[in-house]
Amino acid sequence: MAVLHHSLDFILSSPVDSASTVPGLLSIFHEQGMTETVHDTQGHGYLATLVGKNGRFAFLRVHSHGTVTIDLQCYQEDSIAEVDNLLNALEKKLKTLLNGNIKRIKRLPALIRGAEVDRYWPTSDGRLMEYDIDKVVYDEDSVYQKIQILHSKQYGNILVLNGNVNLAESDLAYTKAIMGSGKENYAGKEVLILGGGDGGILAEVVKQKPKMITMLEIDQKVIDGCKTHMRKTCGHTLDNLTGDCYQILVEDCVPVLKKYAQEGRTFDYVINDLTAVPISTEPEDSMWEFLRLILDLSIMVLHPSGKYFTQGNGVNMTDALTLYEEQLGKLSCPVGFSKKVVCVPSYLELWVFYTIWKK
């Protein structure tokens, strides 16, 4: 049973005497059948917890520095009208009691806690976003990761790996950006995709009739989920592991890249669509060393005139982006790079994409 957490904040021009404010507010709670327990704040204002019918629970706090906060918890099945009436009455009473001393009133949408479907996911820079997710359509634990596909009314189905939003059916902008923003011609070319288990890049590159696409995806369960629940993204390309111009190898990309490098095999395009924290059976010394290994191996198998595309990070993650660009200067082969900022709908933030080439 989900719990709704309502909050009502009053930012004041100056501190207020709780003795002149609290009785009026308590009268509203009493009308709703809620009784208070007052707590000792050791001189830091007033604090009471209130308990009432249907499991309602509230915090009333008059802060000594000049803020009044009210938090109300109730079950999702509780009467919406009754809860709204209570919050409206409290707001009206405070406006009367604090007339002329209010700088700002903030009433936030209710936070839904403990629901069967999680609606809250952080951006890359730690801002909490609420999605309009209404159901889970796929939920599997593989040997590598937690895989979920969640349905959003606005974005369609969303692939979430280990708690990170990866791609929604609405995110064609992501796929286009990581393919070169429509400026590349893949016809007759050799293409290597690292990761890409949602099938989005594969489906778009196939349309351009390349010579051959090799896709290296470590997790069969990602493919299984996406070919059923992300068909607006992958089309029919994941239905079979081979097609007229592509092959999907369900393998760890690192040993395969090493094998290709030893054989001298090259690709016109390498597209790195691995997860934010790449998964491998290879031992890791450190995350940056592991990322540099993938970069080095990818550049080794890149044709001298080829291009390497990858996603970077959120545009606000300037330190992480700088560290990534420092790794580019440490590769065994000198490279140049450019970057592009793109709005990816379901990410709810601007995202940086890189194009890398051999000098």
Side-chain angles (χ1 to χ4, degrees), residues 166-217 226 230 232-238 242-249 253 256-257 260-261 264-275 278 291 294-313 315 321 324-325 327-328 331 333-347 350-359:
N166 271 239
L167 192 80
E169 291 178 310
S170 64
D171 290 342
L172 184 60
Y174 175 99
T175 304
K176 293 291 188 182
I178 205 169
M179 289 174 55
S181 300
K183 298 178 181 179
E184 306 299 322
N185 180 9
Y186 288 86
K189 302 296 176 63
E190 288 274 358
V191 183
L192 178 64
I193 302 173
L194 308 180
D198 53 72
I201 297 169
L202 179 63
E204 291 300 315
V205 177
V206 162
K207 294 175 183 178
Q208 296 195 32
K209 302 188 182 306
K211 180 180 179 180
M212 175 56 67
I213 307 166
T214 300
M215 178 173 136
L216 304 176
E217 168 59 56
C226 291
M230 299 280 289
K232 290 181 181 178
T233 296
C234 65
H236 58 78
T237 55
L238 298 181
T242 58
D244 293 338
C245 62
Y246 68 88
Q247 59 175 343
I248 302 171
L249 305 180
C253 72
V256 178
L257 283 170
Y260 288 165
R265 185 174 178 182
T266 61
F267 297 85
D268 299 295
Y269 293 99
V270 178
I271 304 175
N272 181 344
D273 191 35
L274 299 170
T275 53
L291 290 173
I294 293 175
L295 273 166
D296 244 333
L297 291 170
S298 298
I299 297 302
M300 286 180 189
V301 302
L302 187 66
H303 189 275
S305 62
K307 292 181 179 179
Y308 173 91
F309 296 119
T310 187
Q311 58 140 333
N313 214 317
V315 72
L321 292 168
Y324 181 80
E325 291 166 18
Q327 302 308 310
L328 298 180
L331 302 182
C333 172
V335 299
F337 71 91
S338 63
K339 54 188 175 183
K340 184 179 181 65
V341 177
V342 174
C343 180
V344 180
S346 76
Y347 285 19
L350 297 177
W351 207 255
V352 178
F353 292 83
Y354 285 94
T355 302
I356 301 169
W357 59 87
K358 291 180 177 179
K359 285 186 176 179

Counting N and O atoms only, with roles assigned by atom type, does the side chain of Asp273 sit under 3.5 Å from a partner on the main chain of Ile193, one being a donor and the other an acceptor? no
Are Val352 and Val341 side-chain neighbours, meaning at least one heavy-atom pair lies under 4.5 Å? yes
Within the 3.5 Å criterion, strictly below it, is a donor on Gln247 or Thr214 matched to an acceptor on the partner's side chain? yes
Can you confirm whether Asn313 sits close enough to Trp351 that some side-chain heavy atom of one is under 4.5 Å from a side-chain heavy atom of the other? yes
Do Ile356 and Phe337 come within less than 4.5 Å of each other through their side chains, counting heavy atoms only? yes
Short side-chain donor-acceptor distance under 3.5 Å, Tyr354 and Glu325: yes
Between Lys358 (side chain only) and Leu302 (backbone N and O only), is there a donor and an acceptor less than 3.5 Å apart? yes
Side chain to side chain, Thr310 and Leu194, heavy atoms closer than 4.5 Å: no
Keeping the roles fixed (side chain from Tyr347, backbone from Asn166), state whether a donor-acceptor pair exists under 3.5 Å. yes
Working to the nearest 0.5 angstrom, can you tell me the gap between Leu249 CG and Leu216 CG? 5.5 Å
Applying the side chain to side chain contact (heavy atoms under 4.5 Å, CB included) test to Thr237, which of Leu202, Ile201, Ile248 qualifies? Leu202
Looking at CD1 of Ile294 and CD1 of Ile299, how far apart are the two atoms once the value is rounded to the nearest 0.5 Å? 12.5 Å
Below 4.5 Å, heavy atoms only, C-beta onward: do Arg265 and Val301 meet side chain to side chain? no
Evaluate the ring planes of Phe353 and Tyr174, with Trp represented by its six-membered ring, and classify them as parallel (under 30°), tilted (30 to 60°) or perpendicular (over 60°). perpendicular
Using ring-ring contact (aromatic ring centres under 6.0 Å, His included) as the criterion, point out the one residue from Phe309, Tyr260, Tyr308 that pairs with Phe267. Tyr260
Can you check whether Val205's main-chain N or O pairs, donor with acceptor, with Tyr246's side chain at less than 3.5 Å? no
Heavy-atom side-chain proximity of His303 to Lys189 below 4.5 angstrom: no
To the closest 0.5 Å, what do you measure between CG (Leu192) and SG (Cys253)? 8.5 Å
Checking the side chain of Asp268 only, and the main-chain atoms of Glu190 only, is there a donor and an acceptor separated by less than 3.5 Å? yes
